[in-house]
Amino acid sequence: MPSRLFSSSTDSNKETKASVEEQIKVKGDEIRALKESGADKSTVAPLIDELLALKAKLDPSILEPPKKAPKAQTQPKKQQNQSGKRENDDSDFITAREVDYSKWYNDIVRVTGLAETSPVRGCMVIKPWGMSLWDRVRTELDAKIQAHGAENAYFPLLIPQSFLSKEAEHVDGFAKECAVVTHHRLTTNPDGSGLMVDPEAALEDPLIVRPTSETMIWYMFRKWIVSHRDLPLKINQWANVMRWEMRTRPFLRTSEFLWQEGHTAHATRDGAIADAQAMLDNYATLCEDLLAMPVVRGVKSPSERFAGAEDTYTIEALMQNGWALQSGTSHFLGQSFGKAFNVTFQDENGTQQDVWGTSWGASTRLIGALIMTHSDDAGLVLPPKVAPAQVIIVPIPPKKDDAETKQAMDIAMNQLTASLKAEGLRVKVDDRDFVRSGAKFFEWERKGVPLRIEIGPRDVRNNVCVFKYRAGENADEKQTIPLSEAAASATAGLKSMQQDLLEAAKARLTNGITTDTTYEEMRTFLEADEASEYSGKGLFLVPWKCDAENENKIKEECKATIRCYPLDANKQNLHQGKKCFYSGHDATHMALFGRAF
(Lines give C-alpha, C1' and ligand atoms only; values in the text may rest on other atoms or scores of the structure.)
Protein backbone atom coordinates (compact mmCIF):
# COMPACT_ATOMS: atom_id res chain seq x y z
CA MET A 1 0.00 0.00 0.00
CA PRO A 2 1.32 3.49 -0.75
CA SER A 3 2.30 5.60 2.25
CA ARG A 4 0.22 8.60 3.29
CA LEU A 5 2.83 11.03 1.97
CA PHE A 6 2.95 9.50 -1.48
CA SER A 7 -0.62 8.43 -1.96
CA SER A 8 -1.00 10.54 -5.10
CA SER A 9 -0.31 8.86 -8.43
CA THR A 10 1.35 11.90 -10.07
CA ASP A 11 4.69 11.46 -11.81
CA SER A 12 6.36 14.07 -9.58
CA ASN A 13 5.38 12.19 -6.43
CA LYS A 14 6.67 8.94 -7.92
CA GLU A 15 10.00 10.61 -8.63
CA THR A 16 10.14 12.05 -5.10
CA LYS A 17 9.39 8.66 -3.56
CA ALA A 18 12.09 7.02 -5.67
CA SER A 19 14.56 9.73 -4.63
CA VAL A 20 13.83 9.21 -0.93
CA GLU A 21 14.13 5.44 -1.28
CA GLU A 22 17.52 5.89 -2.93
CA GLN A 23 18.65 8.18 -0.08
CA ILE A 24 17.50 5.56 2.43
CA LYS A 25 19.54 2.89 0.63
CA VAL A 26 22.67 5.07 0.58
CA LYS A 27 22.27 5.99 4.25
CA GLY A 28 21.72 2.34 5.21
CA ASP A 29 24.88 1.30 3.32
CA GLU A 30 26.81 4.04 5.13
CA ILE A 31 25.60 2.83 8.53
CA ARG A 32 26.44 -0.78 7.70
CA ALA A 33 29.96 0.15 6.56
CA LEU A 34 30.58 2.06 9.79
CA LYS A 35 29.39 -0.84 11.94
CA GLU A 36 31.58 -3.31 10.06
CA SER A 37 34.59 -1.00 10.57
CA GLY A 38 34.02 -1.10 14.34
CA ALA A 39 32.64 2.41 14.80
CA ASP A 40 31.17 3.10 18.24
CA LYS A 41 27.54 3.93 18.99
CA SER A 42 28.13 7.67 19.32
CA THR A 43 29.38 7.78 15.74
CA VAL A 44 26.57 5.67 14.32
CA ALA A 45 23.66 7.16 16.31
CA PRO A 46 23.36 10.47 14.35
CA LEU A 47 23.26 8.54 11.07
CA ILE A 48 20.51 6.28 12.40
CA ASP A 49 18.54 9.42 13.31
CA GLU A 50 19.01 10.66 9.72
CA LEU A 51 17.85 7.26 8.43
CA LEU A 52 14.71 7.41 10.56
CA ALA A 53 14.03 10.96 9.33
CA LEU A 54 14.22 9.73 5.74
CA LYS A 55 11.93 6.80 6.58
CA ALA A 56 9.50 9.29 8.11
CA LYS A 57 9.15 10.97 4.72
CA LEU A 58 7.57 7.73 3.51
CA ASP A 59 5.68 7.03 6.72
CA PRO A 60 5.44 10.00 9.11
CA SER A 61 3.82 7.82 11.78
CA ILE A 62 7.16 6.35 12.84
CA LEU A 63 8.13 9.63 14.51
CA GLU A 64 4.79 10.10 16.23
CA PRO A 65 4.80 9.49 20.02
CA PRO A 66 2.69 6.48 21.06
CA LYS A 67 -0.86 7.38 21.93
CA LYS A 68 -2.03 6.76 25.47
CA ALA A 69 -4.62 4.06 25.80
CA PRO A 70 -8.05 5.18 27.06
CA LYS A 71 -8.77 4.45 30.69
CA ALA A 72 -11.64 2.13 29.85
CA GLN A 73 -10.04 -0.64 27.77
CA THR A 74 -12.75 -2.04 25.51
CA GLN A 75 -10.48 -3.83 23.02
CA PRO A 76 -7.84 -6.50 23.73
CA LYS A 77 -4.29 -5.18 23.99
CA LYS A 78 -2.01 -5.42 20.98
CA GLN A 79 0.22 -8.47 21.12
CA GLN A 80 3.76 -7.77 22.20
CA ASN A 81 6.87 -9.03 20.47
CA GLN A 82 9.76 -10.62 22.33
CA SER A 83 11.36 -7.27 23.13
CA GLY A 84 8.13 -6.07 24.76
CA LYS A 85 7.39 -3.50 22.06
CA ARG A 86 3.88 -3.35 20.71
CA GLU A 87 3.43 -4.13 17.07
CA ASN A 88 1.05 -2.17 14.89
CA ASP A 89 -0.78 -4.95 13.11
CA ASP A 90 -2.25 -2.52 10.58
CA SER A 91 0.99 -0.84 9.50
CA ASP A 92 2.69 -1.78 6.24
CA PHE A 93 5.96 -0.22 7.39
CA ILE A 94 9.11 -2.39 7.42
CA THR A 95 11.72 -1.59 10.05
CA ALA A 96 15.23 -1.27 8.58
CA ARG A 97 17.59 -4.17 9.28
CA GLU A 98 20.20 -1.77 10.66
CA VAL A 99 17.69 -0.37 13.15
CA ASP A 100 16.23 -3.61 14.57
CA TYR A 101 16.93 -6.89 12.79
CA SER A 102 14.44 -8.91 14.81
CA LYS A 103 11.66 -6.38 14.19
CA TRP A 104 12.59 -6.29 10.49
CA TYR A 105 12.10 -10.06 10.30
CA ASN A 106 8.71 -9.95 12.02
CA ASP A 107 7.64 -7.04 9.79
CA ILE A 108 8.60 -9.00 6.66
CA VAL A 109 6.53 -12.01 7.76
CA ARG A 110 3.55 -9.80 8.55
CA VAL A 111 3.42 -7.26 5.70
CA THR A 112 4.15 -9.81 2.95
CA GLY A 113 1.36 -12.09 4.11
CA LEU A 114 3.44 -15.15 4.98
CA ALA A 115 1.93 -15.92 8.38
CA GLU A 116 0.00 -14.53 11.34
CA THR A 117 -0.19 -15.30 15.02
CA SER A 118 -3.04 -17.56 16.08
CA PRO A 119 -5.25 -17.80 19.19
CA VAL A 120 -3.15 -20.79 20.27
CA ARG A 121 -0.02 -19.78 22.15
CA GLY A 122 3.16 -20.21 20.12
CA CYS A 123 1.37 -21.45 17.00
CA MET A 124 1.06 -19.58 13.71
CA VAL A 125 -1.38 -19.50 10.83
CA ILE A 126 0.54 -19.98 7.60
CA LYS A 127 -1.14 -17.87 4.93
CA PRO A 128 -1.34 -18.84 1.23
CA TRP A 129 1.82 -16.99 0.14
CA GLY A 130 3.81 -18.63 2.93
CA MET A 131 2.24 -22.03 2.34
CA SER A 132 3.01 -21.87 -1.37
CA LEU A 133 6.70 -21.41 -0.49
CA TRP A 134 6.58 -24.48 1.76
CA ASP A 135 4.79 -26.40 -1.00
CA ARG A 136 7.68 -25.61 -3.39
CA VAL A 137 10.20 -26.81 -0.80
CA ARG A 138 8.14 -29.91 -0.09
CA THR A 139 7.81 -30.84 -3.76
CA GLU A 140 11.55 -30.56 -4.41
CA LEU A 141 12.56 -32.29 -1.19
CA ASP A 142 10.05 -35.10 -1.59
CA ALA A 143 11.56 -35.93 -4.99
CA LYS A 144 14.99 -36.17 -3.37
CA ILE A 145 13.60 -38.35 -0.57
CA GLN A 146 12.00 -40.73 -3.08
CA ALA A 147 15.26 -40.91 -5.02
CA HIS A 148 17.01 -41.65 -1.70
CA GLY A 149 14.91 -44.81 -1.52
CA ALA A 150 12.44 -43.79 1.19
CA GLU A 151 8.68 -44.28 0.94
CA ASN A 152 6.07 -41.96 2.43
CA ALA A 153 3.79 -43.18 5.21
CA TYR A 154 1.83 -41.63 8.06
CA PHE A 155 1.83 -42.36 11.80
CA PRO A 156 -0.42 -41.22 14.67
CA LEU A 157 -0.19 -37.72 16.11
CA LEU A 158 -0.49 -39.13 19.65
CA ILE A 159 2.20 -41.34 21.20
CA PRO A 160 1.78 -43.35 24.43
CA GLN A 161 3.89 -41.87 27.20
CA SER A 162 5.25 -45.36 27.90
CA PHE A 163 6.77 -45.43 24.39
CA LEU A 164 8.74 -42.26 25.01
CA SER A 165 10.06 -43.72 28.25
CA LYS A 166 11.67 -46.72 26.53
CA GLU A 167 14.73 -44.78 25.34
CA ALA A 168 16.09 -42.94 28.40
CA GLU A 169 18.27 -40.34 26.66
CA HIS A 170 15.50 -39.61 24.16
CA VAL A 171 12.87 -38.94 26.82
CA ASP A 172 15.30 -36.73 28.77
CA GLY A 173 15.91 -34.66 25.65
CA PHE A 174 12.24 -33.98 24.98
CA ALA A 175 10.61 -34.15 28.43
CA LYS A 176 10.40 -30.38 28.92
CA GLU A 177 8.93 -29.78 25.46
CA CYS A 178 6.12 -32.35 25.49
CA ALA A 179 2.44 -31.50 25.40
CA VAL A 180 0.51 -34.24 27.22
CA VAL A 181 -3.07 -35.47 26.77
CA THR A 182 -4.30 -36.77 30.14
CA HIS A 183 -8.11 -36.89 29.67
CA HIS A 184 -10.40 -37.91 26.84
CA ARG A 185 -13.59 -36.00 27.65
CA LEU A 186 -15.01 -32.64 28.72
CA THR A 187 -18.08 -32.12 30.83
CA THR A 188 -20.27 -29.21 31.90
CA ASN A 189 -19.19 -27.21 34.93
CA PRO A 190 -21.44 -27.88 37.93
CA ASP A 191 -22.30 -24.17 38.07
CA GLY A 192 -23.22 -24.19 34.38
CA SER A 193 -20.50 -21.66 33.50
CA GLY A 194 -19.00 -23.66 30.64
CA LEU A 195 -16.91 -26.78 30.09
CA MET A 196 -14.32 -28.48 32.25
CA VAL A 197 -12.12 -31.58 32.03
CA ASP A 198 -14.08 -34.61 33.19
CA PRO A 199 -12.13 -35.94 36.21
CA GLU A 200 -13.55 -39.41 35.55
CA ALA A 201 -12.09 -39.52 32.03
CA ALA A 202 -8.37 -39.77 32.87
CA LEU A 203 -6.26 -41.90 30.52
CA GLU A 204 -4.40 -44.88 31.99
CA ASP A 205 -1.39 -44.15 29.78
CA PRO A 206 -1.19 -40.42 28.99
CA LEU A 207 -0.58 -39.54 25.35
CA ILE A 208 2.17 -37.26 24.07
CA VAL A 209 1.52 -34.96 21.12
CA ARG A 210 4.45 -36.09 19.00
CA PRO A 211 7.62 -33.98 19.30
CA THR A 212 9.16 -36.46 16.85
CA SER A 213 8.15 -39.98 15.86
CA GLU A 214 11.14 -42.26 16.51
CA THR A 215 9.36 -44.22 19.24
CA MET A 216 6.15 -44.81 17.30
CA ILE A 217 7.94 -45.76 14.10
CA TRP A 218 10.41 -48.11 15.79
CA TYR A 219 7.46 -49.83 17.45
CA MET A 220 6.11 -50.50 13.95
CA PHE A 221 9.56 -51.49 12.62
CA ARG A 222 9.49 -54.42 15.08
CA LYS A 223 6.47 -55.76 13.18
CA TRP A 224 7.84 -55.09 9.72
CA ILE A 225 11.44 -56.31 10.04
CA VAL A 226 12.15 -60.05 10.28
CA SER A 227 14.98 -60.87 7.89
CA HIS A 228 18.00 -59.16 6.35
CA ARG A 229 15.89 -59.17 3.17
CA ASP A 230 13.66 -56.52 4.79
CA LEU A 231 16.61 -54.13 5.10
CA PRO A 232 17.32 -51.38 4.54
CA LEU A 233 13.86 -50.08 5.44
CA LYS A 234 13.40 -46.36 4.76
CA ILE A 235 10.21 -44.54 5.77
CA ASN A 236 9.38 -40.84 5.56
CA GLN A 237 6.39 -38.90 6.81
CA TRP A 238 5.24 -35.34 6.16
CA ALA A 239 3.56 -34.15 9.33
CA ASN A 240 3.19 -31.57 12.07
CA VAL A 241 4.89 -31.90 15.45
CA MET A 242 4.53 -30.11 18.79
CA ARG A 243 7.38 -28.87 20.99
CA TRP A 244 6.26 -26.56 23.77
CA GLU A 245 8.48 -23.52 23.20
CA MET A 246 8.65 -20.65 25.68
CA ARG A 247 9.84 -18.03 23.17
CA THR A 248 8.51 -18.26 19.66
CA ARG A 249 9.12 -16.53 16.35
CA PRO A 250 7.22 -17.35 13.12
CA PHE A 251 8.85 -20.11 11.07
CA LEU A 252 12.07 -20.04 13.13
CA ARG A 253 10.70 -21.43 16.40
CA THR A 254 7.04 -22.25 16.97
CA SER A 255 5.33 -24.72 19.27
CA GLU A 256 3.77 -26.46 16.29
CA PHE A 257 5.56 -26.68 12.97
CA LEU A 258 5.46 -28.63 9.72
CA TRP A 259 8.27 -30.90 8.64
CA GLN A 260 9.29 -34.20 7.14
CA GLU A 261 10.94 -36.86 9.25
CA GLY A 262 12.71 -39.84 7.76
CA HIS A 263 13.45 -43.00 9.74
CA THR A 264 15.58 -45.86 8.45
CA ALA A 265 16.77 -49.27 9.64
CA HIS A 266 19.93 -51.01 8.36
CA ALA A 267 21.79 -54.28 8.71
CA THR A 268 25.18 -52.63 9.30
CA ARG A 269 26.68 -49.65 11.07
CA ASP A 270 28.36 -48.45 7.88
CA GLY A 271 25.09 -48.64 5.98
CA ALA A 272 23.33 -46.46 8.54
CA ILE A 273 26.12 -43.86 8.65
CA ALA A 274 26.21 -43.69 4.85
CA ASP A 275 22.44 -43.12 4.79
CA ALA A 276 22.63 -40.27 7.33
CA GLN A 277 25.46 -38.58 5.45
CA ALA A 278 23.74 -38.99 2.07
CA MET A 279 20.59 -37.36 3.37
CA LEU A 280 22.60 -34.46 4.74
CA ASP A 281 23.97 -33.92 1.23
CA ASN A 282 20.39 -33.92 -0.09
CA TYR A 283 19.46 -31.15 2.35
CA ALA A 284 22.54 -29.11 1.44
CA THR A 285 21.83 -29.48 -2.27
CA LEU A 286 18.21 -28.44 -1.77
CA CYS A 287 19.28 -25.29 0.07
CA GLU A 288 21.86 -24.34 -2.54
CA ASP A 289 19.93 -25.22 -5.71
CA LEU A 290 16.38 -24.23 -4.73
CA LEU A 291 16.85 -21.55 -2.06
CA ALA A 292 20.18 -20.13 -3.35
CA MET A 293 21.42 -20.55 0.22
CA PRO A 294 24.92 -22.00 0.78
CA VAL A 295 25.44 -23.98 3.96
CA VAL A 296 28.24 -25.44 6.06
CA ARG A 297 28.03 -29.22 6.38
CA GLY A 298 29.16 -30.50 9.74
CA VAL A 299 28.68 -32.79 12.71
CA LYS A 300 27.39 -31.60 16.08
CA SER A 301 29.49 -31.69 19.23
CA PRO A 302 28.42 -34.34 21.78
CA SER A 303 26.62 -31.64 23.81
CA GLU A 304 24.53 -30.57 20.82
CA ARG A 305 23.57 -34.01 19.49
CA PHE A 306 19.99 -35.13 19.01
CA ALA A 307 18.70 -36.95 22.10
CA GLY A 308 19.49 -40.63 21.66
CA ALA A 309 21.86 -40.26 18.68
CA GLU A 310 25.51 -41.33 18.41
CA ASP A 311 26.15 -38.57 15.85
CA THR A 312 24.13 -35.66 14.51
CA TYR A 313 25.00 -34.20 11.11
CA THR A 314 23.84 -30.67 10.38
CA ILE A 315 23.75 -27.93 7.77
CA GLU A 316 24.30 -24.42 9.14
CA ALA A 317 23.40 -21.29 7.17
CA LEU A 318 24.58 -17.73 7.83
CA MET A 319 21.91 -15.06 8.11
CA GLN A 320 22.47 -11.43 7.16
CA ASN A 321 22.94 -10.32 10.79
CA GLY A 322 25.81 -12.76 11.31
CA TRP A 323 23.88 -15.38 13.27
CA ALA A 324 23.68 -19.03 12.27
CA LEU A 325 20.54 -21.01 11.54
CA GLN A 326 20.43 -24.80 11.77
CA SER A 327 18.59 -25.69 8.58
CA GLY A 328 18.42 -29.48 8.53
CA THR A 329 19.75 -32.42 10.55
CA SER A 330 20.47 -36.09 10.01
CA HIS A 331 21.14 -38.46 12.91
CA PHE A 332 23.04 -41.73 13.20
CA LEU A 333 21.13 -43.47 15.99
CA GLY A 334 23.34 -46.52 16.40
CA GLN A 335 21.39 -49.46 17.82
CA SER A 336 19.72 -47.59 20.71
CA PHE A 337 16.18 -47.50 19.32
CA GLY A 338 16.47 -51.00 17.87
CA LYS A 339 17.37 -52.37 21.30
CA ALA A 340 14.79 -50.24 23.13
CA PHE A 341 11.99 -51.63 20.94
CA ASN A 342 13.50 -55.10 20.41
CA VAL A 343 13.86 -54.70 16.63
CA THR A 344 16.03 -57.55 15.34
CA PHE A 345 16.60 -59.33 12.06
CA GLN A 346 17.92 -62.71 10.99
CA ASP A 347 21.16 -62.29 9.06
CA GLU A 348 22.36 -64.45 6.17
CA ASN A 349 23.81 -66.97 8.63
CA GLY A 350 20.54 -67.30 10.53
CA THR A 351 21.77 -65.29 13.54
CA GLN A 352 19.56 -62.68 15.20
CA GLN A 353 21.06 -59.19 15.06
CA ASP A 354 20.05 -55.76 16.33
CA VAL A 355 19.36 -53.25 13.57
CA TRP A 356 21.11 -49.90 13.09
CA GLY A 357 19.07 -46.74 12.66
CA THR A 358 18.98 -43.18 11.38
CA SER A 359 16.51 -40.33 11.39
CA TRP A 360 16.58 -37.04 9.49
CA GLY A 361 14.37 -34.00 9.08
CA ALA A 362 13.87 -30.50 7.72
CA SER A 363 11.06 -28.13 8.61
CA THR A 364 9.28 -24.87 7.87
CA ARG A 365 12.31 -23.25 9.52
CA LEU A 366 13.69 -23.24 5.95
CA ILE A 367 11.19 -20.47 5.15
CA GLY A 368 12.72 -18.35 7.91
CA ALA A 369 16.17 -19.10 6.51
CA LEU A 370 15.00 -18.06 3.04
CA ILE A 371 13.67 -14.75 4.36
CA MET A 372 16.84 -13.84 6.24
CA THR A 373 19.25 -14.94 3.52
CA HIS A 374 18.02 -12.71 0.69
CA SER A 375 15.36 -10.19 1.73
CA ASP A 376 15.96 -6.46 2.11
CA ASP A 377 14.33 -3.39 3.63
CA ALA A 378 11.81 -3.25 0.77
CA GLY A 379 10.44 -6.73 1.51
CA LEU A 380 10.93 -10.32 0.44
CA VAL A 381 13.50 -11.32 -2.14
CA LEU A 382 12.69 -14.77 -3.54
CA PRO A 383 15.02 -16.84 -5.70
CA PRO A 384 13.13 -17.65 -8.92
CA LYS A 385 13.20 -21.42 -8.40
CA VAL A 386 11.23 -21.22 -5.15
CA ALA A 387 9.00 -18.21 -5.91
CA PRO A 388 5.29 -19.16 -6.09
CA ALA A 389 4.95 -16.73 -9.03
CA GLN A 390 8.14 -16.14 -10.99
CA VAL A 391 6.62 -13.45 -13.22
CA ILE A 392 3.90 -10.95 -12.44
CA ILE A 393 2.39 -9.18 -15.43
CA VAL A 394 0.88 -5.79 -14.68
CA PRO A 395 -1.18 -4.33 -17.55
CA ILE A 396 -1.24 -0.52 -17.69
CA PRO A 397 -4.82 0.41 -18.61
CA PRO A 398 -5.47 2.89 -21.44
CA LYS A 399 -6.45 6.39 -20.35
CA LYS A 400 -9.52 6.34 -22.57
CA ASP A 401 -12.15 3.66 -22.88
CA ASP A 402 -11.12 2.59 -26.37
CA ALA A 403 -12.47 -0.81 -27.46
CA GLU A 404 -9.87 -1.20 -30.22
CA THR A 405 -6.97 -0.46 -27.85
CA LYS A 406 -8.40 -2.78 -25.22
CA GLN A 407 -8.71 -5.59 -27.76
CA ALA A 408 -5.11 -5.11 -28.87
CA MET A 409 -4.01 -5.15 -25.24
CA ASP A 410 -5.91 -8.38 -24.55
CA ILE A 411 -4.36 -10.11 -27.56
CA ALA A 412 -0.83 -9.01 -26.61
CA MET A 413 -1.37 -10.03 -22.98
CA ASN A 414 -2.65 -13.48 -23.89
CA GLN A 415 0.23 -14.10 -26.28
CA LEU A 416 2.79 -12.89 -23.73
CA THR A 417 1.35 -15.05 -20.97
CA ALA A 418 1.19 -18.12 -23.21
CA SER A 419 4.80 -17.68 -24.36
CA LEU A 420 6.05 -17.37 -20.79
CA LYS A 421 4.13 -20.44 -19.63
CA ALA A 422 5.45 -22.37 -22.63
CA GLU A 423 8.93 -21.78 -21.17
CA GLY A 424 7.76 -23.48 -17.97
CA LEU A 425 7.54 -20.25 -15.98
CA ARG A 426 5.00 -19.66 -13.23
CA VAL A 427 3.08 -16.56 -14.33
CA LYS A 428 0.41 -14.43 -12.68
CA VAL A 429 -1.50 -11.57 -14.32
CA ASP A 430 -2.62 -8.78 -11.99
CA ASP A 431 -5.58 -7.37 -13.90
CA ARG A 432 -7.41 -5.94 -10.87
CA ASP A 433 -9.09 -2.80 -12.19
CA PHE A 434 -9.73 -1.40 -8.70
CA VAL A 435 -6.01 -1.15 -7.77
CA ARG A 436 -3.65 1.45 -9.24
CA SER A 437 -0.59 0.26 -11.12
CA GLY A 438 1.79 1.85 -8.62
CA ALA A 439 0.14 0.01 -5.75
CA LYS A 440 0.50 -3.24 -7.67
CA PHE A 441 4.21 -2.59 -8.22
CA PHE A 442 4.61 -1.93 -4.50
CA GLU A 443 2.71 -5.07 -3.47
CA TRP A 444 4.51 -7.55 -5.72
CA GLU A 445 7.92 -6.08 -4.96
CA ARG A 446 7.22 -6.62 -1.26
CA LYS A 447 6.11 -10.18 -1.89
CA GLY A 448 9.40 -10.83 -3.64
CA VAL A 449 8.19 -11.82 -7.13
CA PRO A 450 11.44 -12.09 -9.13
CA LEU A 451 10.26 -10.40 -12.35
CA ARG A 452 7.60 -7.78 -13.02
CA ILE A 453 6.51 -7.17 -16.61
CA GLU A 454 4.64 -3.97 -17.38
CA ILE A 455 2.71 -3.59 -20.62
CA GLY A 456 0.52 -0.66 -21.70
CA PRO A 457 -1.13 0.65 -24.88
CA ARG A 458 2.03 2.41 -26.07
CA ASP A 459 4.08 -0.74 -25.46
CA VAL A 460 1.61 -2.80 -27.48
CA ARG A 461 1.83 -0.35 -30.39
CA ASN A 462 5.62 -0.65 -30.29
CA ASN A 463 5.53 -4.46 -29.79
CA VAL A 464 7.53 -4.22 -26.55
CA CYS A 465 7.10 -4.68 -22.80
CA VAL A 466 9.03 -3.47 -19.74
CA PHE A 467 11.00 -5.77 -17.42
CA LYS A 468 11.85 -4.98 -13.79
CA TYR A 469 13.78 -7.58 -11.77
CA ARG A 470 13.49 -7.72 -7.98
CA ALA A 471 17.18 -8.50 -7.36
CA GLY A 472 20.43 -9.44 -9.03
CA GLU A 473 22.61 -7.62 -11.54
CA ASN A 474 19.60 -6.65 -13.70
CA ALA A 475 17.63 -5.09 -10.83
CA ASP A 476 18.98 -1.54 -11.02
CA GLU A 477 16.86 -0.29 -13.90
CA LYS A 478 13.94 -1.20 -16.12
CA GLN A 479 14.54 -2.90 -19.45
CA THR A 480 12.49 -2.53 -22.63
CA ILE A 481 12.18 -5.94 -24.30
CA PRO A 482 10.57 -6.84 -27.68
CA LEU A 483 7.46 -8.93 -27.10
CA SER A 484 8.82 -11.57 -29.48
CA GLU A 485 11.87 -11.99 -27.22
CA ALA A 486 10.13 -11.66 -23.85
CA ALA A 487 9.85 -15.36 -22.98
CA ALA A 488 13.45 -16.22 -23.84
CA SER A 489 14.72 -13.07 -22.13
CA ALA A 490 12.70 -13.80 -18.97
CA THR A 491 14.00 -17.36 -18.79
CA ALA A 492 17.62 -16.23 -19.12
CA GLY A 493 17.14 -13.31 -16.73
CA LEU A 494 15.57 -15.45 -14.02
CA LYS A 495 18.35 -18.03 -14.33
CA SER A 496 20.88 -15.22 -13.96
CA MET A 497 19.03 -13.81 -10.92
CA GLN A 498 19.06 -17.23 -9.22
CA GLN A 499 22.82 -17.46 -9.73
CA ASP A 500 23.40 -13.86 -8.62
CA LEU A 501 21.58 -14.49 -5.34
CA LEU A 502 23.56 -17.68 -4.73
CA GLU A 503 26.89 -16.00 -5.42
CA ALA A 504 26.03 -13.05 -3.15
CA ALA A 505 25.07 -15.47 -0.35
CA LYS A 506 28.26 -17.49 -0.87
CA ALA A 507 30.36 -14.34 -0.59
CA ARG A 508 28.48 -13.37 2.58
CA LEU A 509 29.13 -16.80 4.09
CA THR A 510 32.84 -16.69 3.24
CA ASN A 511 33.24 -13.15 4.56
CA GLY A 512 31.14 -13.90 7.63
CA ILE A 513 33.49 -16.59 8.98
CA THR A 514 36.48 -15.33 10.97
CA THR A 515 39.57 -17.54 11.33
CA ASP A 516 42.85 -17.14 13.23
CA THR A 517 41.19 -15.46 16.19
CA THR A 518 41.53 -15.71 19.94
CA TYR A 519 38.75 -16.48 22.37
CA GLU A 520 38.95 -12.98 23.82
CA GLU A 521 38.58 -11.45 20.36
CA MET A 522 35.52 -13.62 19.65
CA ARG A 523 34.03 -12.85 23.04
CA THR A 524 34.60 -9.11 22.67
CA PHE A 525 32.89 -9.11 19.30
CA LEU A 526 29.90 -11.17 20.40
CA GLU A 527 29.41 -9.16 23.59
CA ALA A 528 29.43 -5.84 21.71
CA ASP A 529 26.07 -4.21 21.01
CA GLU A 530 26.50 -4.54 17.26
CA ALA A 531 26.69 -8.32 17.60
CA SER A 532 22.97 -8.35 18.34
CA GLU A 533 22.21 -5.92 15.53
CA TYR A 534 22.82 -6.02 11.80
CA SER A 535 26.56 -6.74 11.66
CA GLY A 536 26.81 -9.29 8.86
CA LYS A 537 29.58 -11.23 10.63
CA GLY A 538 29.61 -13.54 13.59
CA LEU A 539 30.88 -17.07 12.84
CA PHE A 540 34.31 -18.18 14.04
CA LEU A 541 36.23 -21.22 12.77
CA VAL A 542 38.75 -22.12 15.47
CA PRO A 543 40.88 -25.03 16.73
CA TRP A 544 39.12 -26.70 19.65
CA LYS A 545 39.62 -29.47 22.15
CA CYS A 546 36.29 -31.25 22.58
CA ASP A 547 35.23 -30.52 26.16
CA ALA A 548 31.59 -30.25 27.24
CA GLU A 549 32.43 -28.26 30.38
CA ASN A 550 34.39 -25.61 28.47
CA GLU A 551 31.70 -25.54 25.80
CA ASN A 552 29.10 -24.72 28.43
CA LYS A 553 31.32 -22.00 29.95
CA ILE A 554 31.61 -20.27 26.57
CA LYS A 555 27.85 -20.45 26.12
CA GLU A 556 27.34 -18.78 29.50
CA GLU A 557 30.03 -16.14 28.91
CA CYS A 558 29.11 -14.90 25.44
CA LYS A 559 26.07 -16.95 24.29
CA ALA A 560 28.11 -18.61 21.54
CA THR A 561 27.60 -22.30 20.78
CA ILE A 562 29.44 -24.77 18.61
CA ARG A 563 27.32 -24.80 15.49
CA CYS A 564 29.22 -27.80 14.15
CA TYR A 565 32.57 -29.40 13.45
CA PRO A 566 32.72 -28.61 9.70
CA LEU A 567 33.21 -31.79 7.68
CA ASP A 568 35.60 -30.28 5.12
CA ALA A 569 37.89 -28.58 7.66
CA ASN A 570 38.08 -31.69 9.83
CA LYS A 571 38.54 -34.04 6.89
CA GLN A 572 41.63 -31.96 6.03
CA ASN A 573 42.80 -32.22 9.67
CA LEU A 574 43.27 -28.45 9.84
CA HIS A 575 43.38 -28.70 13.65
CA GLN A 576 46.49 -30.87 13.73
CA GLY A 577 49.45 -29.17 15.38
CA LYS A 578 47.23 -26.39 16.76
CA LYS A 579 46.21 -25.50 20.30
CA CYS A 580 42.61 -25.05 21.42
CA PHE A 581 41.72 -21.37 21.31
CA TYR A 582 40.05 -21.65 24.72
CA SER A 583 41.97 -24.17 26.83
CA GLY A 584 45.38 -24.05 25.17
CA HIS A 585 45.49 -27.85 24.98
CA ASP A 586 46.05 -29.82 21.78
CA ALA A 587 43.08 -29.33 19.46
CA THR A 588 40.90 -32.31 18.52
CA HIS A 589 38.67 -30.53 15.98
CA MET A 590 38.07 -27.39 14.00
CA ALA A 591 34.87 -25.95 15.49
CA LEU A 592 32.49 -23.34 14.07
CA PHE A 593 31.27 -21.08 16.89
CA GLY A 594 28.56 -18.43 16.69
CA ARG A 595 25.24 -17.22 17.96
CA ALA A 596 22.18 -18.92 16.58
CA PHE A 597 18.43 -18.48 16.20
Any side-chain donor near an acceptor of the partner, Thr95 and Asp100, under 3.5 Å: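 Distance-only check fails for Thr95 and Asp100.
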No-hydrogen, no-angle side-chain donor-acceptor test under 3.5 Å, Glu304 and Thr561: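 On atom types as modelled, these side chains do not qualify, holding no pair under 3.5 Å.
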Within 45° cone of Phe441 ring axis and under 6.0 Å: Arg452 NZ or CZ: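 Yes, Arg452 lies over the aromatic ring of Phe441.
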Indicate yes or no: does [X] engage [Y] in a salt bridge with an N to O separation below 4.0 Å.
{"X": "Asp281", "Y": "Arg297", "answer": "yes"}
{"X": "Arg110", "Y": "Asp107", "answer": "yes"}
{"X": "Arg436", "Y": "Glu443", "answer": "no"}

Over 12 foreign heavy atoms within 6.0 Å of CZ, Arg121: yes
Heavy-atom neighbours of Gln146 CD exceed 12 at 6.0 Å: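 Atom CD in Gln146 is crowded, with more than 12 foreign heavy atoms closer than 6.0 Å.
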Parallel, tilted or perpendicular, as decided by the 30° and 60° cut-offs, for the rings of Tyr283 and Trp360: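 The arrangement is perpendicular - the two ring planes meet at more than 60°.
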Aromatic plane relationship, Trp134 with Trp238 - under 30° parallel, 30 to 60° tilted, over 60° perpendicular: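 Geometry flag for Trp134 against Trp238: perpendicular rings.
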If you take all heavy atoms of [X] and [Y], which pair is closest and at what distance?
{"X": "Ala387", "Y": "Leu382", "value": "CB-CB, 4.1 Å"}
{"X": "Glu214", "Y": "Ser359", "value": "OE2-OG, 2.7 Å"}
{"X": "Ser255", "Y": "Glu245", "value": "OG-N, 3.5 Å"}
{"X": "Lys127", "Y": "Gly113", "value": "CB-O, 3.3 Å"}

Contact list for residues 474-489, test side chain to side chain donor-acceptor pair (under 3.5 Å), sequence neighbours left out: Glu454-Lys478
Pair Tyr313-Phe306, ring pair (Phe, Tyr, Trp, His ring centres under 6.0 Å): steps then yes or no: CA-CA 9 Å; Tyr313 301 94; Phe306 175 73; over 10 Å; no
Non-hydrogen side-chain atoms of Ser102 and Arg249 separated by less than 4.5 Å: yes
